[in-house]
Amino acid sequence: MLETFEDLAALRARVADWKRQGLRVGFVPTMGNLHAGHHSLVELVRRHADRVVASVFVNPTQFGPNEDYARYPRTPAEDAVGLDGAGCDALWMPSVETMYPFGAEQAVRIRVPGITDVLDGAHRPGHFDGVSTVVARLFNQVQPDVAAFGRKDYQQLAVIRYLVRDLAIPVELLAGETVREADGLAMSSRNQYLDPGERAIAPEIHRTLQAMRDAARAGDGLQAVEAAATTRLRGAGFQVDYAVVRRADLSDAGEGSAVPGAYVALVAARLGRTRLIDNLAFDIG
Ligand code: PAF
């Protein structure tokens with residue numbers, strides 16, 4: 001039976017009680033408006049923990065001034081029902097005041113260097129500082145033994161791995177597979193912003209990622225692979241922020257044919273007012 005907490009002391013008491021009993025605590029941080037992708041993260045953590053906490057917090061510090069913080073879908077009642085069904089034990093719903101006692105503007109900020117300068121870090125300045133800032137706080141609040149993040153947010157996962165290692169946060173990280181609609185579109189709370197015409201076009205991102213992987217494996221130069229992907233997406237009606245192939249650690253993979261190794265193709269593109277991201281990891285070799 002899911003228990004909802006809005007008070008930090010009460011949440012801490014519950015988690016401390018579980019730990020006194022020797023139970024392992026798992027955690028799934030979210031911004032709510034939960035879908036099957038989030039539920040699969042709860043199920044993943046459940047397999048590695050005795051109790052599962054999920055948080056729902058739409059984090060103001062990770063949205064840019066012209067982004068969708070105000071209109072981000074908030075569906076707490078439906079979220080609680082879904083979490084209960086997925087086997088979650090506790091729902092942590094902090095207020096902005098609880099998360100940022102000195103106010104979001106005056107919050108101690110955490111900045112992961114290097115990997116946050118590229119891709120979404122370059123296109124959404126400050127975004128990953130906000131993510132790192134809130135995830136560190138959530139880890140302090142919940143004190144989980146294990147936590148899960150989705151592979152769909154590939155760069156976010158890399159940032160959080162760095163954060164946990166660099167700050168020696170005692171949590172094991174799990175990566176959940178991207179859950180897709182039948183037509184390949186990666187599940188995202190932002191998909192509901194799409195009008196019917198845009199929704200019909202959106203799966204082209206996944207098809208483009210597959211084409212990028214296939215072309216890279218066939219030995220095409222990566223610069224040509226990226227150019228073809230950008231042209232394809234623009235032709236379908238997207239405004240493309242990036243369509244790139246990187247090494248799995250997000251470092252530059254060069255412009256020529258890929259040498260054997262682990263790679264990831266990543267796309268961020270807009271349809272109207274909706275920005276979608278997706279990626280596809282693959283090996284060559
Ligand atoms: O991936 C998300 O939903 C958010 O970025 C996270 C990790 C919950 C931090 O607000």
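Both ligands and their constituent atoms are indexed starting at 1 by order of listing. All values reported here derive from a predicted model rather than from experimental measurement.
The side chain to side chain donor-acceptor pair (under 3.5 Å) analysis of residues 56-69, with sequence neighbours excluded, yields the pairs Asn59-Thr61, Asn59-Gln62, Asn59-Tyr100, Thr61-Tyr100, Glu67-Arg124, Asp68-Arg190, Asp68-Tyr193.
Between Gln155 and Asn279, the side chains place no donor N or O within less than 3.5 Å of an acceptor N or O (distance only, hydrogens not considered). Counted by atom type alone, Arg180 and His206 present one or more donor-acceptor pairs between their side chains at under 3.5 Å. Between the side chains of Asp120 and Tyr242, at least one donor-acceptor pair of N or O atoms lies under 3.5 Å.
By the 6.0 Å contact criterion, CZ on Arg273 is open, its count of non-hydrogen atoms from other residues, nucleotides or ligands being 12 or less.
In this structure, the side chain of Asp145 engages the main chain of Val25 through a donor-acceptor pair within 3.5 Å.
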Pairwise, report which nitrogen or oxygen atoms of ligand 1 are under 3.5 angstrom from protein nitrogen or oxygen atoms, and how far apart they are.
from, atom 1, to, atom 2, distance (Å)
ligand 1, 1 (O), Gln156, NE2, 2.9
ligand 1, 5 (O), Gln62, NE2, 3.0
ligand 1, 5 (O), Gln156, OE1, 2.7
ligand 1, 10 (O), Gln62, OE1, 2.6

